[in-house]
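Quick note on labels: first sequence line is chain A, next is B, and so on, each numbered from 1.
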Number of protein chains: 2
Amino acid sequence: MSALRDKILNTATDLFQTRGINSTGVDTIVAVAGTTKMTLYKYFHTKEGLILEVLNKSQQDFQSWLDNKLNTNSKAPADKIKQLFDFIEEWITSPSFLGMGFIKASAEFPNEENPIHQLSSKQSREFRQFISKLASEANIKDADGLALQLSLLFEGAVQAEQMKRGSGAIKYAKKAAKLLIDGAINQ
Amino acid sequence: MSALRDKILNTATDLFQTRGINSTGVDTIVAVAGTTKMTLYKYFHTKEGLILEVLNKSQQDFQSWLDNKLNTNSKAPADKIKQLFDFIEEWITSPSFLGMGFIKASAEFPNEENPIHQLSSKQSREFRQFISKLASEANIKDADGLALQLSLLFEGAVQAEQMKRGSGAIKYAKKAAKLLIDGAINQ
DNA sequence: GATATACTATACCGTTCTGTATAATATATT
DNA sequence: AATATATTATACAGAACGGTATAGTATATC
């Protein structure tokens with residue numbers, strides 16, 4: 001709707017990723033976005049509300065990008081899960097990759113009763129369920145089990161890349177994923 | 001040396017894990033530890049210094065615990081790497097487990113030039129090298145590759161457990177690790 | 001008993017934090 | 001031209017932040 005609202009949302013997304021959420025004040029956000037606090041608080045009632053929206057949008061963007069990749073490149077269900085980590089590699093090694101929002105947010109807000117932590121946890125769970133759906137469509141028996149293992153590799157690789165850009169961890173995650181997928185298919 | 005210094009260090013460790021590092025002020029730390037800021041700043045010159053010491057001690061404690069487990073339970077080098085995830089499971093499912101310091105810290109301090117981020121990154125790298133040493137002692141060819149894969153599973157499982165206590169992720173990480181280790185041995 | 005050391009108590013400094021109040025200005029609609 | 005809406009500019013409240021200064025107390029050593 002509003003271009004200014006989007007600008008604030010995108011600026012906050014970038015600053016949260018590069019400087020941390022708690023270390024980024026609203027004054028910094030509005031200064032970089034080129035607006036004022038009054039406008040920020042018009043669109044986002046609290047900083048927590050802004051954080052939640054940033055997390056939601058980030059995850060939606062990632063999921064849409066991945067859905068599109070899977071739907072345009074893969075046809076058979078078995079192909080989709082086999083190509084999953086190819087696209088994840090593309091995502092992680094992209095120059096614009098700054099980390100995974102829900103992974104960082106859950107670390108900054110460790111209390112399980114905190115709304116930000118809860119959203120992070122939900123996003124992690126939903127992504128795991130997404131993988132599980134891919135697995136069960138490929139007729140894999142223990143779809144949930146494989147999905148959990150693949151999500152561990154995914155989150156581990158993201159973590160490694162957040163710690164050291166260009167770590168190359170995703171290459172080995174891919175190999176491990178292939179082994180786990182092949183093992184689950186031939187069962 | 002000083003009981004008070006240890007008390008501050010332990011209190012900070014606990015508060016950083018349960019509330020986050022940036023969300024925990026020095027006033028809170030001294031209040032919970034039952035001392036004053038003057039004493040805290042006598043032993044730790046800055047908050048950053050305290051954070052670095054907390055990270056170092058946490059990692060040393062984990063590594064010592066793991067070393068002891070491996071040396072008393074396993075004899076042959078191949079047994080050590082095979083039992084590694086049994087002990088990691090024991091560690092993660094222990095009631096006192098509150099998360100992995102270096103994983104959370106790297107998320108709270110995402111800038112790679114930040115000393116806290118650098119220490120986190122170093123600790124992650126050193127733990128990976130520790131696994132690699134276990135692998136090469138077990139005569140595994142691509143020891144570094146396997147170590148990287150196992151560390152992804154480890155960090156992924158820790159991440160999952162930090163997001164949701166009792167997630168059960170470690171059980172599936174263990175299965176995946178067994179598959180990867182067996183695959184690497186028979187090569 | 002004098003002296004050093006460890007620690008407490010408390011007040012404070014300057015800064016930053018989230019969030020709001022008020023007034024002025026630009027822009028679009030009628 | 002009048003009016004509504006969006007946005008800016010600025011100042012401020014109230015709290016929390018990291019860190020320091022000062023003064024006083026307890027405890028152990030000589």
Next on the checklist: Set out, in order, the CA-CA distance, both residues' side-chain angles and the distance that settles side-chain hydrogen bond (donor to acceptor under 3.5 Å, both in side chains) for Gln17(A) and Lys104(A), then state yes or no.
Outcome noted: CA-CA 8 Å; Gln17(A) 288 284 3; Lys104(A) 288 183 179 175; 3.0 Å; yes
Item to check | Any donor-acceptor pair under 3.5 Å from His117(A) side chain to Phe109(A) backbone | outcome: yes
Item to check | Leu40(B) CG - dA6(C) P separation (whole Å) | outcome: 16 Å
Item to check | Nucleotide dC17(C), atom C1' - distance to CG of Leu50(A) in whole Å | outcome: 15 Å
Next on the checklist: Side-chain N or O of Ser2(B) versus OP1/OP2 of dA6(C): is the shortest distance under 4.0 Å?
Outcome noted: no
Checklist entry - Picking from Leu15(B), Asp14(B), Thr13(B), Leu9(B), what satisfies side chain to side chain contact (heavy atoms under 4.5 Å, CB included) with Thr11(B)? => result Leu15(B)
Checklist entry - Can a salt bridge be assigned to the pair Glu89(B) and Lys171(B) using a cut-off of 4.0 Å between side-chain N and carboxylate O? => result yes
Next on the checklist: Please list all pairs meeting salt bridge (charged side-chain N to carboxylate O under 4.0 Å, His left out) that have one or both residues in residues 47-56 of chain A, counting only residues at least two apart or in different chains.
Outcome noted: Arg5(A)-Glu53(A)
Where do N or O atoms of nucleotides 18-21 of chain D meet protein N or O atoms at under 3.5 Å, pair by pair?
from, atom 1, to, atom 2, distance (Å)
dG18(D), OP1, Lys47(B), NZ, 2.8
dG18(D), OP2, Val26(B), N, 2.8
dG19(D), OP2, Tyr41(B), OH, 2.8
dG19(D), OP2, Lys47(B), N, 2.7
dG19(D), N7, Lys37(B), NZ, 2.8
dG19(D), O6, Lys37(B), NZ, 2.3

Item to check | Closest non-hydrogen atom pair between Glu161(A) and Ser167(A), with its separation | outcome: OE1-OG, 3.0 Å
Checklist entry - So does Glu90(A) pair up with Lys69(A), basic N to acidic O under 4.0 Å? => result yes
Checklist entry - Whole Å only: how far is the CZ atom of Phe44(A) from the C1' atom of dT20(C)? => result 18 Å
Checklist entry - Should Thr39(A) be listed as having a side-chain N or O under 4.0 Å from OP1 or OP2 of dT8(D)? => result yes
Checklist entry - Tell me, which of residues 104-113 of chain A have any heavy atom that sits under 4.0 Å from an atom in DNA chain D? => result none
Show me, pair by pair, the donor-acceptor contacts under 3.5 angstrom made by side chains of residues 120-131 of chain A, not counting sequence neighbours?
from, atom 1, to, atom 2, distance (Å)
Ser120(A), OG, Ile116(A), O, 2.9
Gln123(A), NE2, Leu55(A), O, 3.2
Ser124(A), OG, Glu155(A), OE2, 2.9

Show the atom names and distances, to 0.1 Å, of all donor-acceptor pairs under 3.5 Å that link a side chain in residues 139-147 of chain A to residues at least two apart or in another chain.
from, atom 1, to, atom 2, distance (Å)
Asp142(A), OD1, Gly145(A), N, 3.0
Asp144(A), OD1, Ser132(A), OG, 2.5

Checklist entry - Above 12 or not: heavy atoms from other molecules or residues under 6.0 Å from NZ of Lys7(A)? => result no
Checklist entry - To the nearest angstrom, how far is Lys7(B) atom NZ from dC7(C) atom C1'? => result 16 Å
Checklist entry - Less than 4.0 Å between a side-chain N and a carboxylate O, is that true for Glu137(A) and Lys133(A)? => result yes
Next on the checklist: Rounded to whole Å, please give me the gap between NZ in Lys42(A) and P in dA21(C).
Outcome noted: 17 Å
Next on the checklist: Measure CD1/Ile51(B) against P/dC17(D) and give the value in whole Å, please.
Outcome noted: 13 Å
Checklist entry - Between the two ends of the helix from dG1(C)-dC30(D) to dT30(C)-dA1(D), what is the bend in degrees, rounded to 10 degrees, where each end axis spans five pairs? => result 0°
Next on the checklist: Considering every strand and a 4.0 Å limit on heavy-atom distances, what is the contact class for Gly34(A): base, sugar-phosphate, or nothing?
Outcome noted: sugar-phosphate
Next on the checklist: Please report the distance, rounded to the nearest Å, between CG in Leu4(B) and P in dT5(C).
Outcome noted: 18 Å
Checklist entry - Using a cut-off of 4.0 Å on non-hydrogen atoms, how would the nucleic acid contact of Tyr43(A) be classed: base, sugar-phosphate, or nothing? => result sugar-phosphate
